[in-house]
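The next block holds one structure in the form of C-alpha cells; read it before the comments.
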There are 2 protein chains.
Amino acid sequence: MTGTTSPTPTKAQLLELVAALGTAQWQDFAAAAARHGLTSVQAKLLAQLKGPVPMRGLAALLVCDASNVTGIVDRLEARGLVRREPAPTDRRVKNVVATDEGHEIIRRVRAEMQATHSALDALDEAERTVLYGLLERLRPGLEHRA
Amino acid sequence: MTGTTSPTPTKAQLLELVAALGTAQWQDFAAAAARHGLTSVQAKLLAQLKGPVPMRGLAALLVCDASNVTGIVDRLEARGLVRREPAPTDRRVKNVVATDEGHEIIRRVRAEMQATHSALDALDEAERTVLYGLLERLRPGLEHRA
DNA sequence: ATTGATGCTTGAGATCGTCAAGCAACTCGC
DNA sequence: GCGAGTTGCTTGACGATCTCAAGCATCAAT
C-alpha cells in the first residue's frame, strides 16, 4: 500500500492538513528565531523590512493595532536590528528600516528553518511547480477578507 | 494569461507563499474565534479535544510549557467550555474534556472560516486530491524535528 | 485659521509564554 | 513495605504581546 492513499480527501481533511502544516512551519520559524534571541513576532516584523515601512504599514502587515507595533519596534531598535527614521514627505510618519545586522539575522533565521527546508526537499522540481500553482490558486480566496 | 505563471518557482518563493497562506489561514481562524469571544490559543486548545486529554498532553500538542496550559484551561473552564476530570488510572493526571457547549462553539468556529473555505472552493476535486497528496509528502519532514 | 482626520506614542489591563519552586502521586529497587 | 527518584499539575514572578482609550503632533481642506 503505497500509491492509492487518496480517494479524494474531504474538505475537512484537507483543511486539517493545511492547518497542521501551517502550524508546523510556524513552530519551525519560531524555533529558528528563538535561537537568535528573537520572539516569533519580532522575527516576523523583521521579515517584512525589505525597505523602509511606516509604523502604520507594519500594523497592517501584521494585522494588529498600531500601538502594538510601537513596543515591538522599541525592542528591536534597542537591539540595533532596526532603525526609526523620519519620513521626508510627512513628519508624522516614522519609517522603520532594518539595519545590516537586522537583515543578516533574519537571513539566518530563514536559512535555519531546517524542518521546512527538508520538507520541501521531499519534492522534485515538477512537483514544486504543481504545488506552487495550486497554492497560487488558493491565495486570492485567503488573502482577501476575513 | 492564465496558464503560464510558473516556470519552476524558487524554493524561497515557494517558502514565502506557504508562509503567507499559513498566516492568512491563521488570521481567518483567529477572527472566527474572536467572534465567539475566544482567543486563538483558546480555540486551538479546544480544537484538540475530540476526547479526554491530560494537561501534559495538551502542552505537547500546543508545544508549550505545562504551566501555560493551566491558565488557558482555567479560562475555558470558567466559561463552561471545558471540564477537568480526574483520570481513573493515575490520580496525578487531570483529563480535560470539552463540554457540549465547547464542542458546539469550536464546530462553529471551523464552519465560519470563510476565507479558508472559499479558498478551498477555488479547487475542483481532482486538484484537491493532488494538493492533498503533495502536502502529505511534506508532512514527514515538517512534523518531525525542529 | 479653525476643523477634522491621520500617525505615533503612552498607559491600563488581559492573555500568553517561560522558568523555578512546590506538592501530590506514581515507580522502582530493595 | 518504604524510601529515592520521577512525573503531573499548580503557583508565583516576570517579560512579551495584544487591545482599547487618550493624548500630542502633523497634515488636509475648507
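Per chain, numbering begins at 1; letters A, B, ... match sequence-line order.
Along DNA chain D, the stretch of nucleotides lying under 4.0 Å from any heavy atom of chain A spans, 5' to 3', D:dA16 to D:dC27.
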Identify each atom pair where a protein N or O and an N or O of nucleotides 16-18 of chain C are less than 3.5 Å apart, giving names and distance.
{"residue": "C:dC16", "atom": "OP1", "partner": "B:T39", "partner atom": "OG1", "Å": "2.4"}
{"residue": "C:dC16", "atom": "OP2", "partner": "B:R75", "partner atom": "NE", "Å": "2.9"}
{"residue": "C:dC16", "atom": "OP2", "partner": "B:R75", "partner atom": "NH2", "Å": "2.9"}
{"residue": "C:dG17", "atom": "OP2", "partner": "B:N68", "partner atom": "ND2", "Å": "3.3"}
{"residue": "C:dG17", "atom": "O5'", "partner": "B:N68", "partner atom": "ND2", "Å": "3.2"}
{"residue": "C:dT18", "atom": "OP2", "partner": "B:D65", "partner atom": "N", "Å": "2.6"}

List, with names and distances, any nitrogen or oxygen atoms from the protein found under 3.5 Å away from nitrogen or oxygen atoms belonging to nucleotides 22-25 of chain C.
none

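Mapping A:V69 and B:R84 onto DNA chain D via the closest heavy atom, the residue that lands nearer the 5' end is B:R84.
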**Q.** Worked check of salt bridge (charged side-chain N to carboxylate O under 4.0 Å, His left out) between A:E77 and A:R84
**A.** CA-CA 8 Å; A:E77 196 170 28; A:R84 270 183 249 236; 3.0 Å; yes
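A salt bridge does not link A:E101 with A:R79: none of the charged nitrogens is closer than 4.0 Å to a carboxylate oxygen. Taking a cutoff of 4.0 Å between a charged side-chain nitrogen and a carboxylate oxygen, A:R107 and A:E104 qualify as a salt bridge.
Between the CZ atom of B:R56 and the C1' atom of C:dC26 there is a distance of 15 Å, rounded to whole Å. Look at CG on B:L76: it is 11 Å from P on C:dT15, rounded to the nearest Å. The distance from atom CG of B:L45 to atom C1' of C:dT15 is 14 Å, rounded to the nearest whole Å.
A distance of 6.0 Å separates CG of B:L81 from CG of B:L76, quoted to the nearest 0.5 Å.
You'll find the side chain of B:V97 stays beyond 4.5 Å of the side chain of B:L49, heavy atoms only.
Scanning for side chain to side chain donor-acceptor pair (under 3.5 Å) contacts around B:H103 gives an empty result, with sequence neighbours left out.
Screening residues 13-22 of chain A for salt bridge (charged side-chain N to carboxylate O under 4.0 Å, His left out), with sequence neighbours left out, gives no hits. Counting only residues at least two apart or on different chains, no salt bridge (charged side-chain N to carboxylate O under 4.0 Å, His left out) pair has a member in residues 46-72 of chain B.
Side-chain atoms of B:H117 and B:E112 form no donor-acceptor pair, as typed in the model, at a separation below 3.5 Å.
Residue-environment remark: CG (B:D124) exceeds the threshold of 12 foreign heavy atoms within 6.0 Å.
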